[in-house]
2 protein chains.
Amino acid sequence: MSQISELKKNDTKRDGKKTQDDIVYAHIFDAILEQRLSPGTKLNEESLGEIFGVSRTIIRRALSRLGYEQVVVLRPNRGAVVACPTLEEARQIVFARRVVEKAVTELVCDHAQKKQLEQLRQMVRDEQACFDRGDRGAGIRLSGEFHLMLAEIASNPPLLSFQRSLVSLCSLIIAQYESGAKSHCSYDEHFELIDAIAAKDKARAVSLMMHHLDHIEEKLSLDDEIATDDLRAIFSNVRNSK
Amino acid sequence: MSQISELKKNDTKRDGKKTQDDIVYAHIFDAILEQRLSPGTKLNEESLGEIFGVSRTIIRRALSRLGYEQVVVLRPNRGAVVACPTLEEARQIVFARRVVEKAVTELVCDHAQKKQLEQLRQMVRDEQACFDRGDRGAGIRLSGEFHLMLAEIASNPPLLSFQRSLVSLCSLIIAQYESGAKSHCSYDEHFELIDAIAAKDKARAVSLMMHHLDHIEEKLSLDDEIATDDLRAIFSNVRNSK
DNA sequence: GTTGACTTTTTTGTATACAATTATAGTATG
DNA sequence: CATACTATAATTGTATACAAAAAAGTCAAC
């Protein structure tokens with residue numbers, strides 16, 4: 001179908017030292033973050049290979065990396081699908097993210113330099129522009145990248161890599177459970193957060209961050225069983241009436 | 001060299017649903033945890049393939065998984081080596097672990113059942129037995145598995161997977177920076193921790209856990225530049241006297 | 001029309017062959 | 001003797017072929 005023209009050998013000039021599976025990984029990762037790939041979508045190795053113009057070997061590497069981050073589920077002998085977190089899993093992911101974001105926020109308050117704060121503000125302006133022009137997908141991606149940028153400023157590589165996984169999982173959750181067209185992660189809150197960081201007000205920054213995550217969690221409680229495709233849950237009443 | 005006899009197709013009976021690269025992964029992971037593989041060791045794909053009796057494809061998958069967990073470093077075109085965390089990286093890893101262990105400890109205080117507490121106690125007894133009989137390697141591995149078991153009881157898969165990575169990285173750090181023969185992670189502290197959990201005393205449990213991690217960090221400060229192999233740091237004074 | 005066994009097709013898992021890259025050894029030269 | 005260069009070997013990166021498993025399709029029996 002839609003062929004991504006030439007990410008072959010010669011292309012490595014521009015991509016620096018990125019290897020081929022990095023590129024494939026990034027493309028799929030972005031597609032998930034932008035919600036062009038919805039939860040549950042089957043990721044066929046051969047099709048992907050044709051789309052990206054590489055062999056299954058490369059696709060396989062990219063998929064197993066995504067699988068390690070739990071953004072896709074690798075079912076032995078049955079292929080990979082975009083993850084479909086259940087409600088319980090979603091709550092666990094948000095909880096883990098609270099833990100990481102709290103630590104990241106505190107570190108950022110200590111470490112952040114003026115230049116980095118300006119970069120953050122620019123990111124949020126870009127995000128705002130996306131939502132204003134109706135490009136929800138790119139907006140969601142930039143919103144996720146904002147949180148990744150925070151983790152980067154925190155200067156703790158292990159936390160950053162964990163954050164990467166959690167941010168993409170949250171994007172999946174939003175895709176799955178957010179019913180209304182309401183902005184999921186409003187940029188106003190991002191601006192407020194930056195101000196608190198600039199003032200080195202840890203307590204306020206952390207509180208804003210937690211409040212920010214509350215929004216995601218509220219949606220989970222609201223929609224509850226409605227959005228889930230778990231048949232077992234939907235028909236959990238059947239056995240009783242037998 | 002030492003051939004691990006037959007982890008071929010037929011062996012899958014006993015291993016349940018584990019696939020071949022899982023087995024290879026687990027073997028290398030354990031070897032690192034038990035410090036039979038020291039930091040910096042080159043992991044040749046073909047040699048490993050011969051040792052485990054599988055093709056490079058399988059070895060490659062196992063290595064990239066270890067690479068994702070940052071337990072081995074994958075240098076493009078130059079192969080994989082067991083990670084050698086620098087002092088700074090070591091401190092970052094311990095910091096990340098503080099963050100995760102704190103959350104895990106609190107969750108465990110809420111979730112732990114009697115049966116699980118007994119399992120934990122049994123693990124620490126096994127660990128004690130290993131150290132008593134002088135099997136330091138297995139002791140260190142069991143000590144790591146104790147902390148993984150805690151993360152499992154916490155019932156939060158994302159935190160567990162992060163903990164897995166951090167525990168093995170810490171094992172590497174201990175291997176690299178622990179000079180004395182002193183027990184690095186004394187089982188007494190593990191017993192105390194279990195008691196605090198059984199009493200559902202969150203504050204005390206968390207405090208014990210933090211104290212536990214202090215021990216690792218203290219070693220880092222003590223040994224400081226002595227244990228590091230970073231030539232640049234060792235000869236950082238040269239340029240001035242030129 | 002539905003169910004269940006059998007066959008065919010598709011898809012994934014693994015090994016292997018070849019290409020590209022890096023490491024090593026040897027040789028010549030100053 | 002040290003250094004730079006070249007040729008060779010070893011090692012990793014990628015594609016492909018084949019084996020194993022799962023999915024889809026076929027057809028008969030009820």
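Naming: A, B, ... by sequence-line order, numbering from 1 per chain.
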Separation of dT14(C) C1' from Ile59(A) CD1 (nearest whole Å) | 18 Å
Closer than 4.0 Å, any side-chain N/O of Lys42(B) to the OP1 or OP2 of dT12(D)?
-> yes
Measure from CG on Leu74(B) to P on dT12(D) and round the result to the nearest Å.
-> 11 Å
Between dT12(C) and Asn77(A), is there an OP1 or OP2 to side-chain N/O distance shorter than 4.0 Å?
-> no
Atom-pair distance (CZ on Arg75(A); C1' on dT12(C)), nearest Å | 11 Å
When rounded to the nearest 0.5 angstrom, what distance separates CG in Leu63(A) from CZ in Arg56(A)?
-> 10.5 Å
For Phe29(B), is the NZ or CZ atom of Arg164(B) found under 6.0 angstrom from the centre of its six-membered ring and inside 45 degrees of the ring axis?
-> yes
Check the pair Glu101(B), His147(B) against side chain to side chain donor-acceptor pair (under 3.5 Å), reporting the backbone distance first and the verdict last.
-> CA-CA 8 Å; Glu101(B) 290 281 18; His147(B) 288 269; 3.0 Å; yes
How long is the line joining CZ of Phe52(B) and P of dT14(C), in whole Å?
-> 15 Å
Between dT12(C), dA15(C), dT14(D), which nucleotide has the shortest distance from any of its atoms to the side chain of Gln20(B)?
-> dA15(C)
Look at the side chain of Asn44(B) and decide which nucleotide, out of dA17(D), dT12(D), dA15(C), has an atom nearest to it.
-> dT12(D)
Would you kindly give the CG-to-P distance between Leu48(B) and dT11(D), to the nearest whole Å?
-> 12 Å
Given atom CD1 of Ile58(B) and atom P of dT12(C), what is their separation to the nearest angstrom?
-> 16 Å
Between Arg56(B) (CZ) and dT16(D) (P), how many Å, whole number?
-> 17 Å
May I ask you to evaluate whether Ser55(A) reaches the phosphate of dA15(D), defined as a side-chain N or O under 4.0 Å from OP1 or OP2?
-> yes
NZ/NE/NH1/NH2 to OD/OE distance under 4.0 Å, Glu34(B) and Arg136(B) | no
Spacing of Glu50(A) atom CD relative to dT16(D) atom P, expressed in whole Å | 12 Å
Along DNA chain C (nearest heavy atom to each residue), the more 5'-positioned of Ala80(A) and Thr57(A) | Ala80(A)
CD on Glu45(A) to OG1 on Thr57(A), rounded to 0.5 Å | 9.5 Å
Compare side-chain N and O positions of Arg78(A) against OP1 and OP2 of dA23(D) and report whether any pair is under 4.0 Å apart.
-> yes
